[in-house]
There are 2 protein chains.
Amino acid sequence: MSITGPDEEREFLAAYRPEDYHPVAVTVDTVALTLRGGALSVLLIRRAMPPFAGFWALPGGFVRTDKTASGHLVEEDLDEAAMRELTEETGILADSHLEQLATYGDPTRDPRMRVITVAYLALVVDPPDPVSGGDAADAAWTPVAELNLATADAAAGAGARRGRPLAFDHARILADGLERARAKLEYTPLATAFLGPEFTIAELRAVYEAVWGRRVHPGNFHRKVLSVPGFVVETGQVTERGGPRGGRRAQLYRAGDARLLHPALLRPAGEGAEQ
Amino acid sequence: MSITGPDEEREFLAAYRPEDYHPVAVTVDTVALTLRGGALSVLLIRRAMPPFAGFWALPGGFVRTDKTASGHLVEEDLDEAAMRELTEETGILADSHLEQLATYGDPTRDPRMRVITVAYLALVVDPPDPVSGGDAADAAWTPVAELNLATADAAAGAGARRGRPLAFDHARILADGLERARAKLEYTPLATAFLGPEFTIAELRAVYEAVWGRRVHPGNFHRKVLSVPGFVVETGQVTERGGPRGGRRAQLYRAGDARLLHPALLRPAGEGAEQ
DNA sequence: AGAATAGTGTCTGTAAGACAATATTGT
DNA sequence: ACAATATTGTCTTACAGACACTATTCT
């Protein structure tokens with residue numbers, strides 16, 4: 001228990017053998033969300049390898065801590081690992097937004113060994129179809145409404161695609177990711193990360209409606225968004241055309257520099273009435 | 001890439017050797033906060049062992065994934081590990097609140113090897129002085145204002161007790177923990193977790209003032225708290241005495257059953273004017 | 001013309017903040 | 001009595017939601 005000096009510190013580190021300790025592995029898993037045809041969708045892969053071979057799962061994998069043939073230590077930060085695994089398994093780039101969600105460490109969550117996973121939330125703008133690779137036999141954007149996740153609060157045990165549950169504890173991770181996205185729409189400009197560089201107020205409203213799963217009043221939303229400082233900035237341009245069946249052309253906006261929305265756009269209070 | 005069946009899944013697991021993979025360790029570190037003499041304070045330990053021997057640090061340590069002599073695998077969830085390490089190193093129990101904060105995995109954050117740490121936020125009610133144990137040479141409640149963490153946003157590199165920086169990246173973890181606590185006071189009844197089962201509105205206000213580092217208007221706060229459904233419930237009792245230098249006796253309240261405050265108690269907008 | 005969509009006006013109820021006044025209690 | 005603290009009242013301003021209305025563009 002005595003406190004040692006710099007020399008002892010050096011000796012200690014020289015004698016330390018990592019391989020003697022702690023048989024645990026670390027993975028990253030990403031809840032990648034996008035809007036496709038107006039529907040909030042999540043990127044899932046079909047696992048090619050055990051455990052849970054054949055199950056749908058969130059894209060992810062082991063954080064690299066390996067030594068290469070040259071003996072050089074390949075080490076990546078957790079964020080880098082999440083982006084790498086996402087691209088390896090699906091070809092999708094998390095170029096719009098990436099944030100850490102939470103870490104899941106139930107000792108029984110992986111049958112191989114003790115695996116803790118650091119989950120991420122990613123948003124992707126107008127993505128192509130995924131191309132499966134690595135340990136993924138398939139990859140697909142899946143509308144969240146098709147999964148059996150009634151609300152973010154419930155869920156946990158549920159969560160299926162084509163009737164099957166998700167691998168590991170991925171249903172809970174997905175539910176947590178959805179809840180994070182819903183909450184952050186309220187008090188941050190996160191919704192703009194679902195859209196390209198220029199967008200209309202109606203497109204922004206469509207993001208809120210898809211993520212929250214409820215209708216938003218067009219007039220009040222319009223006025224509200226423009227009244228929040230730094231949320232959006234006018235470009236002076238308007239859309240090329242009005243709506244497909246008529247309608248006025250809309251102003252185009254860009255994301256502003258606000259990090260936080262003051263005042264916030266609060267969700268309507270009533271519980272999870274999807275649609 | 002082919003998808004295997006249940007038999008292959010069993011064979012795979014039987015042949016899997018965890019020790020062949022992934023030299024990485026997982027620790028937990030806890031930002032334990034309390035109110036002492038009106039000052040928001042954090043529990044710090046002085047490290048007895050390298051690395052960073054002699055430095056002040058957050059209490060924490062390795063998640064147990066060891067095999068015992070009997071060959072039985074001792075595995076604990078991350079929350080359990082956080083509580084165990086806190087008690088081992090300081091004697092303090094995180095009995096009032098414990099939540100996961102974030103996970104830190106910079107490859108250079110620990111000189112021994114790749115160590116990722118899962119950070120927790122704990123709140124403790126009216127705690128005793130800590131008793132150092134385990135790898136801790138000392139342990140102490142330290143007023144947050146004494147550390148060189150100007151605001152939660154700044155900080156990161158700074159953070160000291162008696163002029164020394166904190167070990168590892170603990171200054172950033174502490175800053176993130178403080179920001180989490182400040183934010184959650186706004187929209188959850190977290191403030192009640194700093195207090196005993198019965199408290200006055202003034203005591204609750206003292207929590208907000210200590211955590212936010214700013215004065216709160218007594219009259220408006222009082223009315224506001226009582227107007228939020230489920231935040232507090234009246235006990236019908238009043239305090240034994242008024243203030244030490246005179247003053248009316250206060251009603252006693254208990255925490256209500258609300259999980260979220262509607263409407264929220266928003267922080268005053270202006271930037272980090274402590275005190 | 002008529003439908004569809006964008007954008008604005010107006011009203012009402014709720015809430016936040018400033019400030020003041022009243023109610024009790026200790027010295 | 002006086003200072004200190006708890007609690008309530010009042011007023012002003014801001015904002016959310018409902019609803020109605022105007023503006024523009026497509027078929």
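When reading the values below, keep in mind they use all heavy atoms of this one structure, side chains included, and skip hydrogens, waters and symmetry mates. Sequence lines set the chain letters: A, B, ... in the order given, protein chains first and strands last, and positions in each chain run from 1.
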Going by the rule salt bridge (charged side-chain N to carboxylate O under 4.0 Å, His left out), which residues pair with A:Arg205 if we only count those two or more places apart in sequence or in a different chain? A:Glu209

Short of 4.0 Å, heavy atom to strand atom, which residues of residues 253-266 of chain A count as contacting DNA chain D? A:Pro263, A:Ala264

With sequence neighbours left out, write down each residue that passes side chain to side chain contact (heavy atoms under 4.5 Å, CB included) with B:Gln251, or none if nothing qualifies. B:Glu234, B:Val238, B:Tyr253

Distance check needed: C:dA6 P versus A:Phe221 CZ, whole Å only. 12 Å

Which residues share a side chain to side chain contact (heavy atoms under 4.5 Å, CB included) with B:Ser132, sequence neighbours left out: B:Ala136, B:Ala139

Could you please name the option among D:dA6, D:dT24, C:dG26 that lies closest to any side-chain atom of B:Ala250? D:dA6

Once salt bridge (charged side-chain N to carboxylate O under 4.0 Å, His left out) is applied, do any residues pair with B:Glu186, and if so which ones, sequence neighbours excluded? B:Arg267

What pairs with B:Ala258 under side chain to side chain contact (heavy atoms under 4.5 Å, CB included), at least two apart in sequence or on another chain? none

ring-ring contact (aromatic ring centres under 6.0 Å, His included) against A:Tyr208, all qualifying residues, sequence neighbours excluded: A:Trp212, A:Phe221

Let's see if you get this right: which residues in residues 195-209 of chain A place a heavy atom under 4.0 Å from DNA chain C? A:Ala202, A:Arg205

Measure from the side-chain heavy atoms of A:Gln251 and tell me the nearest of C:dT24, C:dG7, D:dC26. C:dG7

Between C:dT22 atom P and B:Arg223 atom CZ, what is the distance in whole Å? 16 Å

Could you tell me whether A:Arg180 and A:Asp176 have a side-chain N and a carboxylate O separated by less than 4.0 Å? no

Nucleic acid contacts - residues 237-246 of chain A versus DNA chain C, non-hydrogen atoms under 4.0 Å: A:Arg245, A:Gly246

Listed nucleotide nearest any side-chain atom of B:His222, set D:dA18, C:dA6, D:dT7: D:dT7

Once rounded to the nearest 0.5 Å, what's the spacing between atom CG of A:Leu93 and atom CG of A:Leu98? 11.5 Å

Of the options D:dG17, D:dA6, D:dT8, whose atoms approach the side-chain atoms of B:Arg248 most closely? D:dA6

Among residues at least two apart in sequence or on other chains, which ones pass side chain to side chain contact (heavy atoms under 4.5 Å, CB included) with B:Thr239? B:Thr200, B:Arg249, B:Ala250, B:Leu252

With A:Arg254, which residues qualify under salt bridge (charged side-chain N to carboxylate O under 4.0 Å, His left out), at least two apart? A:Glu198

Which pairs would a plain distance check flag for residues 29-44 of chain A, meaning a side-chain donor or acceptor within less than 3.5 Å of a matching protein atom at least two apart in sequence or in another chain?
{"from": "A:Asp29", "atom 1": "OD2", "to": "A:Thr117", "atom 2": "OG1", "distance (Å)": "2.7"}
{"from": "A:Thr34", "atom 1": "OG1", "to": "A:Val124", "atom 2": "O", "distance (Å)": "2.7"}
{"from": "A:Arg36", "atom 1": "NH2", "to": "A:Asp129", "atom 2": "OD1", "distance (Å)": "2.8"}
{"from": "A:Ser41", "atom 1": "OG", "to": "A:Ala39", "atom 2": "O", "distance (Å)": "3.2"}

A:His217 NE2 to C:dT8 C1', in whole Å, measures 12 Å

Ranking D:dT25, C:dC19, D:dA18 by distance to the side chain of A:Asn220, first place goes to D:dA18

